[in-house]
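What follows is a set of notes on a single structure, which appears directly below.
Side chains included, hydrogens not; waters and symmetry mates left out as well; all remaining heavy atoms used. A, B, ... follow the sequence lines: proteins, then strands. Residue 1 opens every chain. Just so it is clear, the structure is predicted and the values come from calculations on it, not from any experiment.
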Amino acid sequence: MVSVATWKLPRSLRSQPPHFSKSQVVAVLEQISTLLMLDGANAFRVRAYTNASRVIQSLEQDLAGLAENGGIFGVKGIGKGIGGLVTEAVMQGTWGGLGELYEKIPDGLIQMLQIPGLGPKRIKQFHDELGIETIDELKVAAEDGQLANLERMGKKSELRVLEGIDLLTRMAGRRRLDVGLLYGEALENRLRNMSGVERASLAGSARRRRETIGDIDIVAAVKESDIEAVSAEILALPGIVGIKGSGTSKVSIILGTEFFENAGTALPSHSPLPDVKDAESESSSGNGKSESVVQTTASSHSIDQDVTSESDALEIPAASDSGIDGGVLAALGGEAWQEMSQTTTIDVQVRMVPPQAFPFTLAYFTGSKEHNVRLRQLALDRGLRLSEWGLSPLDLIGDTTGIEAAAHSLPAIDEADIHAHLGLEWIPPELREDSGEVEAAIANSLPRLVEPSDIKGALHNHTIASDGVATLQQMAEEAMDLGWEFLGIADHSESLNIGGRSIGVAADKVAEQSDLIHELNESWADEGTEFRLLHGAECDILTDGRLDYPDDVRENLNHVVGSVHALGSWRNRDEIENTEMLIKAIEDPTFTILGHPTGRILGGRDGFPVDMHAVLRRMGELNEEGTLKAVEINASPYRLDLDWRFCHFAKQQEVPVVINPDAHAPKGLRDVWFGVQIARKGWLEPADLLNTRSGKELEKMLAGE
DNA sequence: GCCGTTTTCGGCCCGACTGTTTTCAGTCG
């Protein structure tokens with residue numbers, strides 16, 4: 001929630017409204033809430049700003065318009081105070097008296113919020129009473145024993161501060177979804193196989209399929225008499241590099257890659273650790289139990305089966321070019337990435353609860369926090385109290401709370417029962433972000449979310465013609481093995497340089513690739529195989545909004561994926577100009593798919609600023625005029641861009657979405673699975689995606705028929 | 001600061017855990 005950079009109020013660069021973009025306003029409101037927290041403001045006032053920031057972020061209308069005509073005051077969650085502030089900012093370019101608040105709170109205090117175990121009250125206390133303004137000063141004061149003398153502090157608290165600082169420096173940042181699921185699902189399976197564990201399920205942000213996760217939460221149903229034995233078995237798992245706590249209801253551990261060491265088989269294809277395993281799986285003779293763990297992890301993704309035999313058959317070059325996009329490696333710092341993959345650890349919390357409480361605890365620890373708040377309010381409206389222990393009528397529980405109150409709970413075998421007691425359809429975990437799912441569940445109008453098995457192909461993939469590591473034939477064979485009907489090839493266009501060398505396909509070579517694809521398609525047709533390659537290109541969107549390649553090259557392709565690669569100039573430009581240039585590119589008649597729309601790399605860099613709502617609105621208009629313009633969910637777990645937060649809006653604008661693995665190697669096609677997770681999170685149904693069409697149907701659509 | 005079977009102040013989600021206290025404040029999820 002808190003970035004490291006210095007916080008300043010943005011200054012307007014324009015002579016007339018709108019002086020600030022929506023994302024600037026959203027960022028300032030979020031910052032105000034943090035600053036107020038550190039200033040000791042009323043917690044509900046703090047929440048009002050967080051809430052307003054969230055509301056404005058998901059606002060689909062144009063913020064400038066709402067500020068101009070006063071419509072902003074009609075938005076739920078925006079009142080006189082914040083509404084007035086936003087209006088002033090957008091219309092006049094000033095931020096009221098906020099400068100004072102920004103001046104008052106030192107940046108160091110903001111950074112201290114990232115220290116686990118430290119919150120705004122303590123930080124304010126340290127600042128007010130000891131004059132501490134930075135993490136370094138805090139560390140010195142703690143080592144010096146100054147903190148222990150403060151009110152309601154002591155030696156243990158002081159030690160915890162030091163541990164927190166240490167943890168922050170060692171474990172900064174969040175893990176990508178693929179890393180989280182790799183550990184989370186494997187551990188979930190191990191738990192299920194332990195005697196004494198009746199049920200076990202992954203919870204938390206990994207279960208909700210957030211693009212990054214902080215730690216892994218697992219809930220297990222364990223009888224009280226078995227808790228000791230189960231705890232002991234968890235603590236004896238391989239790969240534990242640290243134990244943070246172990247009590248009667250919770251075990252907190254830190255897992256390292258050795259957790260997988262005795263697996264006796266390669267990791268699933270979305271493993272972030274390809275190099276470590278390939279070497280080690282040879283030497284370790286593997287025991288039966290752990291082998292089943294990793295295989296189950298892989299096969300739980302329906303397009304993700306039989307990973308090892310695939311990679312052997314195709315002889316994928318190892319590690320050094322493991323099929324990861326050069327742009328991704330550059331953003332992550334090249335070789336530093338290799339180092340990072342091998343030392344990845346993750347925090348895990350296993351919560352053990354009585355079997356009858358399991359569904360309530362699972363729902364509770366799946367979250368999100370905001371979703372839980374909504375459900376508890378809904379429960380109160382019905383005279384019920386919802387907690388992680390149960391759902392109990394208020395008139396029966398008296399003044400008891402927690403597990404005691406849950407003795408009166410309505411029964412539930414699974415989450416669907418809980419939701420039914422509240423008058424709701426069962427809400428899939430991916431949707432639990434308080435972004436309309438509760439209302440939809442009340443109205444019985446939740447979407448039928450897309451499944452991996454609905455996918456029939458994808459349109460943006462690379463071969464050896466640009467920076468891929470496999471041939472057309474090899475990529476096609478992999479797609480056929482996945483049961484797909486089509487595969488779109490979109491190698492880089494010629495102007496793309498990564499690391500100082502051109503990796504794109506020269507304009508005069510595009511026709512050659514076209515011939516090759518034509519021949520392959522013919523041969524499959526002759527033998528009665530229902531499969532075709534579609535010929536596209538990933539054309540650079542140049543800084544001025546033009547597309548790479550001459551018009552006649554693009555006109556002869558099945559599809560054009562337009563992507564921004566020269567991130568530098570786009571990230572230094574303002575949102576309004578970027579939006580204009582992107583729309584200019586999309587309006588080109590040959591343009592079909594907007595590839596990785598913001599260019600972000602998770603854990604590597606932010607995308608460039610752009611008004612994605614405006615872009616999607618324009619794409620919607622062009623679709624209405626009859627030209628196909630689709631937006632990509634880049635399914636690489638390093639990108640997951642389009643962000644799921646915009647998927648629902650794309651659907652409303654009737655902009656088709658296409659999940660693209662952006663594969664640089666055959667195994668990379670399996671990344672589509674992650675794209676499906678994001679599409680589900682974005683409320684998408686099979687009909688909203690191009691991937692669910694048959695090869696023939698899609699070819700016609702692309703041809704404008 | 002926002003909201004209101006709402007008329008302008010009182011409430012705003014729930015519980016566990018920890019460390020400090022000897023009843024509770026702060027943090028977390």
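Taking the C1' atoms as reference points, dT7(B) lies 12 Å from dC3(B), given to the whole Å. Only the P atoms considered, dA16(B) is 24 Å distant from dG11(B), to the nearest whole Å. Taking atom P on both nucleotides, dT21(B) is separated from dG26(B) by 13 Å, rounded to a whole Å. The separation of dT20(B) from dT27(B), taken at their C1' atoms, amounts to 14 Å, rounded to a whole angstrom. On the P atoms, dT22(B) is 23 Å away from dC17(B), given to the nearest whole Å. Here the separation of dG15(B) from dG10(B), taken at their C1' atoms, is 24 Å to the nearest Å.
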N/O to N/O distances under 3.5 Å, protein versus nucleotides 25-28 of chain B:
unit_1	atom_1	unit_2	atom_2	d
dA25(B)	O4'	Arg152(A)	NE	3.3
dT27(B)	OP1	Gly119(A)	N	2.7
dT27(B)	OP1	Gly119(A)	O	2.9
dT27(B)	OP1	Arg122(A)	N	3.0
dT27(B)	OP2	Lys121(A)	N	3.2
dT27(B)	O5'	Gly119(A)	N	3.4
dC28(B)	OP1	Gly117(A)	N	2.6

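When the side-chain nitrogen and oxygen atoms of Trp389(A) are compared with OP1 and OP2 of dC14(B), none of them lie within a distance under 4.0 Å. Distances shorter than 4.0 Å separate some side-chain N or O of Ser249(A) from OP1 or OP2 on dC17(B).
Phe259(A) and Tyr183(A) have parallel rings, their planes meeting at less than 30° on a 0 to 90° scale where 60° marks the start of perpendicular.
Ranking dG4(B), dC14(B), dG15(B) by closeness to the Thr401(A) side chain, first place goes to dG15(B). Listed candidates were dG4(B), dC2(B), dG15(B). Nearest to the side chain of Ala48(A) is dC2(B).
Atoms CG (Leu29(A)) and P (dG1(B)) sit 12 Å apart, rounded to a whole Å. In this structure, Arg351(A) places its CZ atom 14 Å from C1' of dC14(B), rounding to the nearest Å. Arg47(A) has its CZ atom 12 Å from the C1' atom of dC14(B), to the nearest Å. Atom CG in Asn149(A) sits roughly 14 Å away from atom C1' in dT20(B) (whole-Å rounding). The CZ atom of Arg376(A) sits 13 Å away from the C1' atom of dC12(B) (whole-angstrom rounding). Straight-line distance from the CG atom of Leu394(A) to the P atom of dC13(B): 14 Å, rounded to whole Å. When rounded to the nearest whole Å, the span between CD of Glu388(A) and P of dC17(B) equals 9 Å. Atom CZ in Phe44(A) sits roughly 16 Å away from atom C1' in dG4(B) (whole-Å rounding).
For the residue pair Glu30(A) and Thr50(A), no side-chain donor N or O sits within less than 3.5 Å of a side-chain acceptor on the partner. Side chains of His408(A) and Ser392(A): a donor-acceptor N/O pair is absent below 3.5 angstrom, by distance only. Side-chain N/O atoms of Tyr102(A) and Gln31(A) include a donor and acceptor closer than 3.5 Å.
Contacts of Lys124(A) with the nucleic acid, taken as non-hydrogen atoms under 4.0 Å apart, are absent. No engagement by Lys250(A) is indicated, since no non-hydrogen atom pair under 4.0 Å with the nucleic acid exists. Across all strands, Leu375(A) comes closer than 4.0 Å to no nucleic acid atom at all (heavy-atom distances). Contacts of Arg374(A) with the nucleic acid, taken as non-hydrogen atoms under 4.0 Å apart, are absent. Across all strands, Lys156(A) comes closer than 4.0 Å only to sugar-phosphate atoms, never to a base (heavy-atom distances).
Note on Glu439(A) versus Arg374(A): salt bridge recorded, some NZ/NE/NH1/NH2 to OD/OE distance being below 4.0 Å. Using a 4.0 Å cut-off between charged side-chain N and carboxylate O, Glu437(A) and Arg432(A) make no salt bridge.
Here the two rings, on Phe20(A) and Trp95(A), have centers that are under 6.0 Å apart.
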Pairs under 3.5 angstrom only: tabulate donor-acceptor contacts from the side chains of residues 115-122 of chain A to other protein residues two or more places apart or in another chain.
unit_1	atom_1	unit_2	atom_2	d
Arg122(A)	NH1	Gln125(A)	OE1	3.3
Arg122(A)	NH2	Arg152(A)	O	3.2

Compile the donor-acceptor pairs under 3.5 Å between side chains in residues 59-72 of chain A and protein atoms, sequence neighbours left out, one pair per line.
unit_1	atom_1	unit_2	atom_2	d
Asp62(A)	OD2	Gly65(A)	N	3.3
Asn69(A)	OD1	Gly71(A)	N	2.7
Asn69(A)	ND2	Gly65(A)	O	3.4

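Nearer to the 5' terminus of DNA chain B, by closest-nucleotide assignment, is the contact made by Gly79(A) (compared with the other of Gly79(A) and Thr248(A)).
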